[in-house]
Amino acid sequence: LHRWDAKTLQSFLKSLELPGEVRIPSTMTGAQLKRLGPRGLVALCSDAATAEALQLALHGERQRDAVAAAAHRSRNARMTALGNHKVHAAVEEEPSDLLDFVVGEAPSAAPSAAP
């Protein structure tokens with residue numbers, strides 16, 4: 001959200017199915033919109049229901065951004081650990097999948113018990 005330019009923000013607003021009209025300036029960026037509080041959003045919307053729907057949509061975008069940032073940090077930490085020859089730090093979560101990848105085998109399902 002904070003990296004969106006004005007064009008991206010406008011297309012995001014058009015993609016939402018809001019109950020009323022949102023009067024966002026055509027030059028407003030995502031970073032500027034992110035700084036607005038609930039009262040600022042109400043001032044830009046035609047009614048309170050539209051402002052609430054917009055606030056919920058922005059909250060969802062912030063949550064998705066936080067999840068993506070956490071995943072990015074995790075990948076970077078693993079890559080840094082591998083670069084420092086600390087393989088144990090990179091394979092703590094999924095050792096079998098990484099081992100299969102390194103060996104060149106496709107991940108297999110758990111073996112079934114024979115009768």
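Since the structure is predicted, the reported quantities are computational estimates derived from the model, not experimental observations. Heavy-atom basis, side chains included; hydrogens, waters and symmetry copies ignored.
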Cluster check Leu16, Leu36: I/L/V/M/F/W/Y, side chain < 4.5 angstrom:
yes

Do Gln10 and Ile24 have side chains that approach each other closer than 4.5 Å (heavy atoms only, starting at C-beta)?
yes

Roughly how far, to the nearest 0.5 Å, is CD of Glu61 from CH2 of Trp4?
4.0 Å

Look up atom NZ in Lys14 and atom CG in Leu9, then write down how far apart they are to the nearest 0.5 Å.
11.0 Å

Minimum heavy-atom distance Lys34-Arg62, with the two atoms named:
O-NH2, 3.6 Å

Is any side-chain heavy atom of Glu21 less than 4.5 Å from a side-chain heavy atom of Arg23?
yes

Within this structure, what is the CZ-CG distance for the pair Phe12 and Leu58, rounded to the nearest 0.5 Å?
5.5 Å

Show every side-chain hydrogen bond (donor to acceptor under 3.5 Å, both in side chains) that has at least one partner inside residues 46-56, sequence neighbours left out.
Asp47-Thr50

Could you pull out the closest heavy-atom pair between Cys45 and Ala51, with the gap in Å?
SG-CA, 3.6 Å

To the closest 0.5 Å, what do you measure between CG (Leu18) and CG (Leu13)?
7.0 Å

For the CE atom of Met28 and the CZ atom of Arg35, what is their distance to the nearest 0.5 Å?
9.0 Å

Is it possible for you to say whether Val42 and Leu44 belong to one hydrophobic cluster, with membership spreading through side-chain heavy-atom contacts below 4.5 Å?
no

